[in-house]
2 protein chains.
Amino acid sequence: MSQTSFSTRERILGVAEALFARHGFAGASLRQVTATAKVNLAAVNYHFGSKDGLIEEVFRRRLDELNRERLAALTKAGDGKLEDVLDAFIRPALNQSLHSQGGAAFVRVLARAYAEHDERLRRFLSDNYGHVLREFAQVFARLLPHLDKDELYWRLDILAGAVTYAMADFGIIKRRASTSEEVHRRQAVDHLIGFAAAGLRAPPSPG
Amino acid sequence: MSQTSFSTRERILGVAEALFARHGFAGASLRQVTATAKVNLAAVNYHFGSKDGLIEEVFRRRLDELNRERLAALTKAGDGKLEDVLDAFIRPALNQSLHSQGGAAFVRVLARAYAEHDERLRRFLSDNYGHVLREFAQVFARLLPHLDKDELYWRLDILAGAVTYAMADFGIIKRRASTSEEVHRRQAVDHLIGFAAAGLRAPPSPG
DNA sequence: ATTCGTCTCAAACGATCGTTTGAATCATAG
DNA sequence: CTATGATTCAAACGATCGTTTGAGACGAAT
C-alpha cells in the first residue's frame, strides 16, 4: 500500500482522459483504454472498481487543482476590474491544458460531460465543485450592480457556455501552423474575456 | 413504393432524435429506439440501411428546414441592425424547437454532434450546410467594419459556442414552473441577442 | 526460506451491441 | 383470385461490451 502501482494507474488515467475526450464515455471501451495504455484489461476494475469509477477519477484528478487555482486567482482579483475576475475564471482552464500533458484532453472531457447531460455526473460535479461557481457568482454580482439576479444568472449561463465551448476547441477556427498551440489558446482567452466583458456590461434587456 | 411506410419510418426518426439527444449516438442503442417506437428491431436497417444511416437522416430531416428559415430571415434582415441579423441566426433554431414535436430534442442532438467531434459527421454538416454560415459571416463583416477578419472570426466562433450551448439547454438555469417552455426559450434568445450584440460591438482587442 | 499483501495476467462470464436472414403479412395491380 | 413487391416479424449471427475469476508473479517483512 505504501507504494501503490503508480505507473499502471496513471497510465490508465491518462489514456482514458484522451479517449473519453475523443470518443465519449460510452464510445471509448475499456479494451481500447487498456490496450493503448499497455496494461491488462482487468487492471481498470482492480484500480477503479468499475468504468464509472474510472470516469469519476478522471474528473477528480484534474478538477481539484483547477478549482484550487480558480479560487486563488479569484481572491487575488477579488476587488479588481471585471476583466480580472473573468481572467481568474478562464485562465486556470487554459493553464490546465498547457502544463499537464493530458490537460487539453481533460478540458474537452469536461465540456463533453456537460453535453452528455448525465445526471449522475452533473450531481457529482455540482456536489464537489458547485461552491466555486457560487463564489464567482457573488463577485460578479458585486461588479455588475446594474443587473438584477435573473439577468445576471442568464448572462453567466451564456458565459459558461461560451467558455466551455471555446475551451473544448469545438470551434471552427483553425489554428495556423505558424502559431503554437500555446499562443492560440492565449488568444482564445483574450478574445473570450473581451467578448464576455462587453456582454456582461451591456444594459439590462427590456424584458 | 408510392406510399412508403410513413408511420414506422417517422416514428423511428422521432424516437431516435429524442434518445440520441439524451444518451448520445453511441449511448442509445437500436433496441432502445425500436422498443420505444414500438417497431421491429430490423426496421431500422430496412429503412435506413444502418445506424449511421439513421443518424444522417435525423440530421437531414431538420437541417434542411432550419437553414432555409435562417436564410429567409437573413435576406429579410440583410441591411438592418446587428440585432436583427443575430435574430435571424438564433430564432429559427428556437422555432425548430417549438413548432415541431421533437425539435427541442434535435437542437440538443445538433449541439451534441459538435461535442462529439466526429469527423465524419462534421464533414457531412460542413458540406451540406456550410454555405449558410458563410453567408452570415459576410453580413456580419459588413455590419462590423471595425473588426478585421481574424477578430471577427474569433468572435463569431465564440458566438457559435454560446448559441449552441444555450440552445441545447446545457445551462444551469432551471426554468421555473410558472413560466412555460416557450417563454423560457424566448427569454434565452433575447438574452443571447443582447449579450452577443454587445460582445460583437466591443472594440478590437489590443493584440 | 516462507509468508503475506499487492498487483498482473489470460481466460472466461453473461449481457448487449449492430446486423442479417427467411418466412409471414399486407396492400395493390393484373 | 392470384401474383408481386413492400413491409414486418421472430430468431439468430458474430462481435464487442463491462465485469469476474483464479492462478501466478513480485517485493517486503518475518
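Within every chain, numbering begins at 1; the chains are lettered A, B, ... in the order of the sequence lines, protein sequences first and strands thereafter. Side-chain atoms are counted along with the backbone in the values below, which use heavy atoms only and exclude waters and symmetry mates.
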Checking contacts here: which listed nucleotide ([options]) is nearest the side-chain heavy atoms of [X]?
X: B/His47; options: C/dC9, D/dT7, C/dT19; value: D/dT7
X: A/Ala42; options: C/dG18, D/dG18, C/dC9; value: C/dC9
X: B/Leu30; options: D/dC9, C/dA11, C/dG18; value: C/dG18

Nearest whole angstrom, please: distance from the [atom2] of [N] to the [atom1] of [X].
X: B/Arg9; N: D/dT7; atom1: CZ; atom2: P; result: 10 Å
X: B/Phe48; N: D/dT7; atom1: CZ; atom2: P; result: 12 Å
X: A/Lys51; N: C/dA15; atom1: NZ; atom2: C1'; result: 14 Å
X: B/Arg31; N: D/dA15; atom1: CZ; atom2: P; result: 16 Å
X: B/Asp52; N: C/dC17; atom1: CG; atom2: C1'; result: 14 Å
X: A/Tyr46; N: C/dT6; atom1: OH; atom2: P; result: 6 Å
X: B/Leu41; N: D/dC9; atom1: CG; atom2: C1'; result: 10 Å
X: A/Asn45; N: C/dC13; atom1: CG; atom2: P; result: 17 Å

Do B/Arg186 and B/Arg91 have side-chain heavy atoms sitting under 4.5 Å apart? yes
Is any side-chain heavy atom of B/Phe48 closer than 4.5 Å to one of B/Glu56? no
Give me the ring orientation class for B/His191 and A/Trp154: parallel if the planes are under 30° apart, tilted from 30 to 60°, perpendicular past 60°. parallel
If the plane angle is over 60° it's perpendicular, under 30° parallel, otherwise tilted; pick one for A/Phe124 and A/Tyr129. perpendicular
Report yes if a side-chain nitrogen or oxygen of A/Thr8 is closer than 4.0 Å to either non-bridging phosphate oxygen (OP1 or OP2) of C/dC7; otherwise report no.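 It does not, given that no N or O in the side chain of A/Thr8 lies less than 4.0 Å from OP1 or OP2 of C/dC7.
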Starting at the 5' end of DNA chain D, which residue's closest nucleotide do you reach first, B/Asn40 or A/Ser29?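 Nearer the 5' end of the strand: B/Asn40.
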